[in-house]
Amino acid sequence: MAKRVAIVGAGVSGLASIKCCLEEGLEPTCFERSDDLGGLWRFTEHVEEGRASLYKSVVSNSCKEMSCYSDFPFPEDYPNYVPNSQFLEYLKMYANHFNLLKHIQFKTKVCSVTKCSDFTVSGQWEVVTMHEEKQESAIFDAVMVCTGFLTNPYLPLDSFPGINAFKGQYFHSRQYKHPDIFKDKRVLVIGMGNSGTDIAVEASHLAEKVFLSTTGGGWVISRIFDSGYPWDMVFMTRFQNMLRNSLPTPIVTWLMVRKINNWLNHANYGLIPEERTQLKEFVLNDELPGRIITGKVFIRPSIKEVKENSVIFNNTSKEEPIDIIVFATGYTFAFPFLDESVVKVEDGQASLYKYIFPAHLQKPTLAIIGLIKPLGSMIPTGETQARWAVRVLKGVNKLPPPSVMIEEINARRENKPSWFGLCYCKALQSDYITYIDELLTYINAKPKLFSMLLTDPHLALTVFFGPCSPYQFRLTGPGKWEGARNAIMTQWDRTFKVTKGRVVQESPSPFESFLKLFSFLALLVAIFLIVL
């Protein structure tokens with residue numbers, strides 16, 4: 001059984017891993033190469049090696065009720081979508097509340113993690129670290145890697161003929177911090193992910209002209225969904241997830257596209273993805289359509305050629321003068337402190353069972369936490385991964401035989417369509433609720449809807465039809481939180497507290513009782529179908 005656990009990185013997943021180890025009676029030691037916690041969410045004016053970098057204006061893409069730790073809600077006076085400075089404060093509150101800081105060694109770089117000579121028997125690891133130019137070595141029973149996947153910028157300059165002759169400025173979006181550099185410049189942003197779109201919109205307020213170049217297009221949605229609700233509190237419900245996974249993929253895709261195009265007809269704005277049978281990661285941006293329609297941002301296809309002071313886009317011979325090029329071309333990931341024989345990265349993915357455990361190790365004492373892109377928030381995903389992983393490291397939960405794990409990994413790598421539900425186009429993408437529920441099942445913490453319906457029908461209805469907020473993951477099982485029910489029943493109160501600056505008395509709807517009855521009957525039918 002593992003006792004001493006080394007944790008690499010003190011970001012959102014690292015903090016959760018420390019807490020999960022403590023909950024299970026283990027002894028965690030977290031190594032953080034920078035001088036503070038927070039990982040991605042800690043803004044600095046300069047890029048730091050080996051750490052994710054963000055720009056000053058970054059705001060969360062998942063609302064506070066859906067992106068908190070499962071037993072620690074955001075303060076109720078925080079905005080629904082949280083600026084990075086407040087997000088960092090929340091992480092510090094979490095670390096202080098659960099007394100995690102004393103388990104973190106700051107300014108300590110992990111140089112190597114290698115198997116001990118008796119690994120096949122002990123499962124132990126030798127961890128070599130560097131602190132203030134002094135190298136140390138220690139033996140640990142298990143290791144949890146929480147370094148994320150946004151540290152190594154992908155800059156495919158070979159794909160842009162003529163880039164070496166360009167006399168203007170170009171850089172990866174990782175280097176971007178403030179929009180001042182774009183003042184009165186002609187700017188080209190390459191890549192239409194969340195960062196690229198944010199940067200293009202920000203630049204458009206100061207630049208002379210902004211082009212946003214995209215090869216494959218993307219689905220742009222607003223944080224503000226139906227009736228002004230946060231998008232993920234509407235989209236991410238157990239009821240809707242069950243419906244999506246019960247319908248054939250073409251129908252689900254058609255319904256999704258129809259819904260998205262109700263807000264913004266992507267074809268009319270040059271944004272529609274070329275590949276529409278698989279779901280691309282949503283681009284969350286509230287301003288982009290307004291910047292396009294007012295001529296502040298121009299959507300263009302991929303780059304044909306870069307010249308000294310201009311570029312030529314595909315499907316046109318016209319040269320567009322450009323002063324600055326921003327490559328928002330994404331990231332690759334690696335684990336430089338691990339040998340390839342432990343975790344090998346190929347084609348943008350690692351061979352990990354349930355995105356966590358290397359399948360070939362003789363002892364399951366190494367876990368990768370947070371190497372996944374769920375259609376939902378990373379915090380509760382990484383936290384749930386850590387809850388299960390720690391119990392595996394401790395020996396409470398067992399993994400299946402290596403052959404079974406490898407078979408599943410290979411099946412996921414092939415990414416064959418199931419013909420039902422959403423089809424994801426990238427290797428690390430996953431169905432949020434389905435994946436979380438699977439991990440919760442392993443630790444006997446998945447909400448039991450049927451028994452809940454008999455003992456607490458109001459809660460059952462809220463859990464099934466309402467937002468699948470992280471508090472649901474603490475209703476039962478190991479790590480059960482007594483405040484979970486109350487947090488679920490008051491989640492909309494916290495959502496509207498910061499927006500209802502002016503309260504108006506509303507008359508009750510005559511159809512409210514009917515809708516409640518209909519919801520109750522629908523829940524009964526759904527549970528009956530699930531049981532069958």
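Quantities reported herein were computed from a predicted structural model and do not represent experimental measurements. Values below: every heavy atom of this structure, side chains too, minus hydrogens, waters and symmetry copies.
- The minimum heavy-atom distance between Thr129 and Cys111, with the atom names listed, is C-SG, 4.1 Å.
- Side-chain atoms of Ser34 and Glu48 include no donor-acceptor pair closer than 3.5 Å.
- Atom CG in Asn80 sits 10.5 Å away from atom CZ in Arg494 (nearest 0.5 Å).
- Here the straight-line distance linking atom OG of Ser53 with atom CZ of Phe43 works out to 8.0 Å at 0.5 Å rounding.
- Using bins of under 30°, 30° to 60° and over 60° for the plane-to-plane angle, the ring pair Phe235/Trp231 lands in the tilted bin.
- A side-chain donor from one of Glu126 and Ser137 sits under 3.5 Å from a side-chain acceptor of the other.
- When side chains are defined from C-beta on, Asp77 counts as touching Pro75, because their heavy atoms get closer than 4.5 Å.
- Surrounding CZ of Phe282 are more than 12 heavy atoms belonging to other residues, nucleotides or ligands, all under 6.0 Å away.
- Taking every heavy atom of both residues into account, Arg223 and Tyr81 meet most closely at O-OH, 3.2 Å.
- When each of Tyr435, Tyr442, Tyr355 is tested with Trp388 by the rule ring-ring contact (aromatic ring centres under 6.0 Å, His included), just one qualifies, namely Tyr442.
- Ring-plane geometry between Trp481 and Tyr471 is classed as tilted, the angle between the planes lying from 30 to 60 degrees on a 0 to 90 degree scale.
- Counted by atom type alone, Ser122 and Lys363 present zero donor-acceptor pairs between their side chains at under 3.5 Å.
- Checked options His178, Lys56, Lys177; the residue passing with Glu45 is His178 (criterion: side chain to side chain donor-acceptor pair (under 3.5 Å)).
- Ring pair Tyr69/Tyr94 is parallel by interplanar angle, where below 30° counts as parallel and above 60° as perpendicular.
- Ile379 has its side chain within reach of Phe87: a pair of non-hydrogen atoms, C-beta onward, lies under 4.5 Å apart.
- Between Met144 and Cys21 there is a side-chain heavy-atom pair separated by less than 4.5 Å.
- Using cut-offs of 30° and 60° on the angle between ring planes, the pair Phe74 and Tyr78 is tilted.
- Relative to the six-membered ring of Phe98, Lys19 meets both conditions, a distance below 6.0 Å and an angle of at most 45° to the axis.
- Interatomic distance, Glu408 CD to Arg412 CZ, rounded to the nearest 0.5 Å: 7.0 Å.
- Under the 3.5 Å distance criterion, with hydrogens and angles disregarded, no donor-acceptor pair is assigned to the side chains of Asn285 and Asn194.
- Residues Val5 and Asp141 are not in side-chain contact: their nearest non-hydrogen atoms beyond the backbone lie 4.5 Å or more apart.
- Ring pair Phe72/His97 is tilted by interplanar angle, where 30° to 60° counts as tilted.
- In this pair, Tyr331 and His172 present their aromatic rings perpendicular. The plane angle is above 60°, beyond the 30 to 60° band.
- Separating the CG atom in Leu37 from the CG atom in Leu100 is a distance of 9.0 Å, to the nearest 0.5 Å.
- Side-chain contact of Glu383 with Ser70: a donor-acceptor pair under 3.5 Å is present, judged by distance alone.
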